Structures are given as structure tokens and as C-alpha cells.
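Source: prediction; values computed, not measured.
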Amino acid sequence: MGSGEVSFASVRGAEHFGDRWRDSAPMATTERHRSPNELVVEVTVDGSGDLPAEGYRLTVAGTDDEPTATVVGADSAGAFYGTQTLLALVRDAGDGTYHLPRIEIDDHPDLAWRGTIEGFYGPPWSHADRLAHLDFAGRHKLNAYVYAPKDDPYHRQQWREPYPDEELARVGELVALAERRHVRFVFSVSPGLSMVYSDPAEVDLLVRKLEQVWKVGVRDIALLFDDIPPELEHEADVAAFGSEPGSSARAHAAVCAQVQERFRHVHGAQRPLIMVPTDYAGTQSSPYREHLTRELPDDVLVWWTGRDIVVGDITRAEIDAAAVSYGHRLLLWDNFPVNDFDFARLFLGPLVGRTTEVAGSELVGITANPMPHEAASEIALATVADWAWNLGAYDPDAAHARALQVVPDTGRIRRLVESCRTWPPSAPRAPQLSAWIEALMAGGSDRAVAESGLRDAFTAMINEEPAGEPAGRLEREVAPWLRAQAAVGRAGLAALDQLNSPSSSGREAVEQALAAAEACEQNVLHDVVLPLARNALDS
């Protein structure tokens, strides 16, 4: 143990740490009197305003005989986040004792909204996925989860229909866990494919849907008008809102205003309504945005995806221009690390390219859109959490390294993470592999080094292939990509052998390995490694 640490074997005050700490049996105690090496934890809330919202002050002090940890939160969320930091600092010595650094931390978030949105196309998350995700969000100080699965029929296609009792009970279970983890459960409806906006009966159905989920604890609401026809399609709506370009924004603003008046204000909802406009990407003004600026209630937050739907970077100038074009505060719907535009790929790298110069802008936060693979998405989403909490200190590589340390099951998929690290999707993949392949094909003095590096990399790709049933949720999710990666590795090794010593049998081995790799639906470095195999066939 270092001199800057305290050691303890049990904890008094574990109730402050929630289910996760209480489940750590060796660290929990119910003794009334202080035991030797017992860490005494005190968690309080200071509502004086001395700390920013959701902020906390954490102190670990005392001696090895009487170690203490105090967490003072600005509010209940801040107290919870302080305990999450304390949990993350605990080091298990493996001998029945635990170590903590003596430390003083004053911490608070830079962005008020830090979360995720289950808004992708394709198979929605399972209920178990969502429960796991809410636990993950709490650990990483993400304070919002938006329920918006495109393929939930009651969210989009059948938005008029109330949830069946069994489905509603699951929503209620999610809401309850989200509250315990200090995560805002934002329930969203996407009625735009069929809604007659001017029909009072349609608005009645929408409000009735919202009333249903309010009864199971939902307190945050969003209305989504994305990925629908840009102009009004029903004659009654054209008569009510006009036929000029962008008139659909008037209809969307009217629905939002009615939900405000008939639902949110009636219930005294504390946080603003959020909406996705049909014109949700780009920075320029448009007829749609001009109508929205004039007619959408001022306190409604508007989701925006950046200068395009999927982007590699977002600048402060783009944020400012977009805010002017909408005339409202913005919430970034970041289509990262979502892969619904290319299901063959995974995106397992860190968030990059997002400005840290957000202070004073109209951007209030971020909701990142993950992949249908919840456990795999946690690697990237952990870095989103780091960016949103402390913009100025964000370092993508360091955040990614921390994510890999705390996300379970990553030990056997390190190579896959590197293979699928690239963002944006159009960026060149695996630059080191590409450089080695280029050096190999060019010949010269670097050829031997390049071949050695490639052999090691291809062998590692093969070695990560699951031999049997994958262990753990993350490995089960990415198992098809691990197998595809191994197939690519075998094609690469066969290519190296054929390039070194061309033969008919070597050519046949390359052909078979190449065909097997190309047959994989999952894409792991196909455009990097498989051209090498095709070149080997010409040798």
C-alpha cells in the first residue's frame, strides 16, 4: 500500500452506495461500533448553493485504523455521483482488504443533459439490456436515457394504441431503476408517420398515451418528428397550417404546444419538453426552421444531429449557427456510435471531434445514439460520459483506456476493439496495419519489420476467435465479429505465406481463406486486409 492510501476491510455507511455496493458482501457491515480497518462513509446533501447542480465534494482521509470518506453533494444526484467516484477509486488488494487514495475532489458536470437515446433502427434492446444500461448510466454519471426504439410498434407505427399491461409494467420497472440511478427516463412518441395534426381526436390519443406512462412514473417527455415526409400530407392539415414550404413545422409546433398545455403544465412537469424536428441536420436556416422559431414554445429543447446526420466533428461555430437557425436551445442527438447505416460494422472507439468550447452556447447537452448491441456500445458511451462531464479535460485516448478497464469482458477482445476503433465511418481503418501492408508490398528495408508486425496482428485476430460458447454478455454480442476477424486474420496469414513462397497449394489456401472471409456478414477490416489476399493470388 502506498503512503497516500488508506486501507480497510469493511464499510459503515454502505447503504449510501446503492445495490451495487451492498452486493459486495466482504465490504458490508452492520456493526454498531467501529471495527478495526472499518471505513466510515458519510454522505450528505448541502443545499446552500455552495456547489453547482449535480456537483459533489469527496474527501478520503484518516488513518489505516480509522479511515473516513465523506461525500457532500449539491443535491441527491451530486451525492450519488460522489459515491460512484468513491466506488471507482476502491482498489481490491486481493487479501480481504481494500485501498483508497487519500484525496480531495471538487467535481461537477459541464453539461446539464448527459445521456443516451435508444433511437436506432433495427432490433430494439431487450428489457434486460435496458436494465443493464441504466446501471451503466448511473456508474458513469449519465443522467438521461431516452426511450425511442424505432421498432417498438407502440412508439412509432402504432403510437395511438396504449401499451399492453405487460409492456407498461416493463416501462414502469425501467422508470423505477432510472430514478434510483439518478437517470431521467425520457419517454418519447414518434407520431409523424400518420398523425393528422389538426384533428383534436388525434391530440387526445397522444395525450392519453402520455397519461398512461405518467401513471407508471414517467416525468420527462419527448416528441419525435424525424424521418417522415417533409411536407404535410393530409388535406385537413394543409387547410389548418398552410401549403407553403416548411408548413409542417407549424403543425409540429402546434402539437408540442398542446402537449405543453394539456399534459406537462397540468402535471407540473419540471423539465422541458424535447422535440426532434423533421429538419434536424445542418446549420442553415430553412422555411421549416423559420416557422419553428416563431411558433414552437420557447422552453422546448430542440434535438440537432450536427451539420449532417452522422458526423466526424462538431465545431462551436456550427453549434452557434444551428441555434440561430432554430431559435431555441439545442440538445445534441449524436449519431455515435450507432451503426444502423452499416450493420456489418461495430464502432468501439472513443468519441472524437466534438468541440470542448461549449460554455455560453445554446447547447445544453448530448444524447448519444448507440448500437443495437448494448454491452458493446458501453465502450464508446463511457467516453461520451467523460466528454460531457468535463469538457476541458477530455482526452479521447485516455477516456478510451479507462472505458476498457471498467467495461467487463474486454480482455479477450482487445484486437477487435482496435480493429473497430475508427470514427467517423468514412475514416481510414487500422492505420498501422495499412502502413505495414504498404511497406510489405513496396519491398525494401522495411519489408521484414512489416511482415513481422502483420503476422503478429493476424495471429492475434485468430486467437480471439471464440472456441466455444462466448463468456459474458459483451462477448456474446460481438462473437460474430470475432469470428469474422479470425477469418480475415487467416486470409492475411495465407497471403503472407503465398507472397513469401508462391505455390499452387499456397494459392489454393489463399482462395479458401479469402472466400471464407468474404462470406462473413460482419465487416472487420475487409477493406484493409482482403486486398492483400487478392494481391497474393496474382503472385
Side-chain angles (χ1 to χ4, degrees), residues 112-119 124 130 134 137 142-150 152-163 167-168 170-179 182-193 195 197 200 202-228 249 251-278 280 292 295-304 326 328-333 364-367 369:
W113 286 82
R114 309 174 306 280
T116 56
I117 179 165
E118 187 186 340
R130 293 175 184 132
L134 291 172
L142 293 169
N143 68 358
Y145 159 75
V146 184
Y147 180 86
K150 292 288 195 295
D152 172 1
Y154 301 101
H155 162 76
R156 190 170 173 87
Q157 295 286 350
Q158 298 165 224
W159 67 268
R160 296 176 181 84
E161 298 180 24
Y163 277 94
E167 292 287 335
L168 187 62
R170 281 195 280 266
V171 172
E173 185 179 357
L174 293 172
V175 172
L177 179 59
E179 184 176 3
H182 292 271
V183 178
R184 304 163 189 171
F185 183 94
V186 184
F187 178 81
S188 72
V189 183
S190 184
L193 286 175
M195 186 176 189
Y197 305 110
E202 295 276 75
V203 179
D204 289 345
L205 290 171
L206 178 58
V207 172
R208 190 178 308 166
K209 186 68 160 279
L210 300 179
E211 292 285 359
Q212 185 191 31
V213 297
W214 183 272
K215 291 178 181 178
V216 296
V218 169
R219 295 297 180 265
D220 289 277
I221 298 297
L223 298 178
L224 279 54
F225 302 101
D226 56 321
D227 301 343
I228 60 175
H252 302 158
V255 172
C256 289
Q258 291 181 76
V259 167
Q260 292 268 61
E261 179 180 350
R262 295 182 51 187
F263 178 75
R264 291 190 65 262
H265 293 166
V266 168
H267 287 291
Q270 297 181 351
R271 286 185 287 266
L273 176 70
I274 317 172
M275 70 90 71
V276 179
T278 305
Y280 56 75
L292 208 65
E295 302 192 27
L296 186 68
D298 291 341
D299 61 341
V300 175
L301 294 181
V302 174
W303 261 306
W304 168 72
Y326 290 111
H328 285 73
R329 292 178 301 157
L330 300 179
L331 189 57
L332 178 62
W333 176 317
V364 301
I366 181 174
T367 52
N369 192 12

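- In terms of modelled atom types and a separation under 3.5 Å, the side chain of Thr278 and the main chain of Phe225 share a donor-acceptor contact.
- Partners of Arg219 under the salt bridge (charged side-chain N to carboxylate O under 4.0 Å, His left out) rule, at least two apart in sequence or in another chain, do not exist in this structure.
- Annotation for Met275 and Cys256: closest pair CB-SG, 4.0 Å, computed over non-hydrogen atoms.
- The shortest side-chain heavy-atom distance between Trp113 and Val186 falls under the 4.5 Å cut-off.
- Nearest heavy atoms, Leu174 versus Phe185: CB-CE1, 3.7 Å.
- Side-chain contact between Pro124 and Glu118 is present, with at least one heavy-atom pair separated by less than 4.5 Å.
- Taking both residues in full, the closest heavy atoms of Pro272 and Arg329 are given as CG-NH2, 4.2 Å, listed atom of the first, atom of the second, then distance.
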His155/Leu224 under side chain to side chain contact (heavy atoms under 4.5 Å, CB included): CA gap, chis, key distance, verdict: CA-CA 10 Å; His155 162 76; Leu224 279 54; 4.0 Å; yes
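- Between the side chain of Lys150 and the main chain of Gly119, a donor-acceptor pair closer than 3.5 Å is present.
- Shown here are the salt bridge (charged side-chain N to carboxylate O under 4.0 Å, His left out) partners of Asp227, two or more places apart in sequence or in another chain: there are none.
- With sequence neighbours left out, the side chain to side chain donor-acceptor pair (under 3.5 Å) criterion links Asp152 to Tyr147, Tyr163.
- Qualifying salt bridge (charged side-chain N to carboxylate O under 4.0 Å, His left out) partners for Arg170, counting only residues two or more places apart in sequence or in other chains: Glu166, Glu167.
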Worked check of side chain to side chain contact (heavy atoms under 4.5 Å, CB included) between Leu332 and Trp304: CA-CA 5 Å; Leu332 178 62; Trp304 168 72; 4.1 Å; yes
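- Looking at Asn369, its side chain never comes within 3.5 Å of a backbone N or O of Trp333 through a donor-acceptor pair.
- Leu273 and Gln260 make their closest contact through CB-OE1, 3.9 Å (heavy atoms, listed as atom of the first residue, atom of the second, distance).
- For the atom pair Phe187 CZ and Gln212 CD, the distance stands at 7.5 Å (nearest 0.5 Å).
- The shortest side-chain heavy-atom distance between Leu177 and Arg130 does not fall under the 4.5 Å cut-off.
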Worked check of side chain to side chain contact (heavy atoms under 4.5 Å, CB included) between Val203 and Met195: CA-CA 9 Å; Val203 179; Met195 186 176 189; 4.1 Å; yes
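- Not counting sequence neighbours, the partners of Trp214 by the ring-ring contact (aromatic ring centres under 6.0 Å, His included) test are Phe263, His267.
- With respect to Ile274, the side-chain contact (heavy atoms from CB on, under 4.5 Å) criterion is satisfied by exactly one of Thr367, Leu301, Val302: Leu301.
- Note that CD of Gln258 is 11.5 Å distant from CD of Glu202, once rounded to the nearest 0.5 Å.
- Going from atom OH of Tyr145 over to atom CG of Asp220 covers 13.5 Å, rounded to the nearest 0.5 Å.
- Residue Glu161 qualifies as enclosed at atom CD: its count of foreign heavy atoms under 6.0 Å is above 12.
- In this structure the side chain of Lys209 never reaches within 4.5 angstrom of the side chain of Arg160, judged on heavy atoms.
- At least one donor-acceptor pair closer than 3.5 Å links the side chain of His328 to the backbone N or O of Pro297.
- Across Trp303 and Ala222, no two heavy atoms sit closer than the pair CZ3-CB, 3.6 Å.
- Separation of atoms OG1 (Thr116) and CD1 (Ile366) is listed at 10.5 Å; rounding is to 0.5 Å.
- In this structure, CG on Leu206 lies 9.0 Å from CD1 on Ile221, to the nearest 0.5 angstrom.
- For the atom pair CD (Glu173) and CG (Leu168), the distance works out to 12.0 Å, reported to the nearest 0.5 Å.
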Residue pair His252, Val255: steps toward the side chain to side chain contact (heavy atoms under 4.5 Å, CB included) verdict: CA-CA 5 Å; His252 302 158; Val255 172; 5.9 Å; no
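- For residues 252-267, the set of pairs meeting the salt bridge (charged side-chain N to carboxylate O under 4.0 Å, His left out) definition, not counting sequence neighbours, comprises Asp204-Arg262.
- Nearest heavy atom pair, residue Leu142 against residue Val183, reads O-CG2, 3.5 Å.
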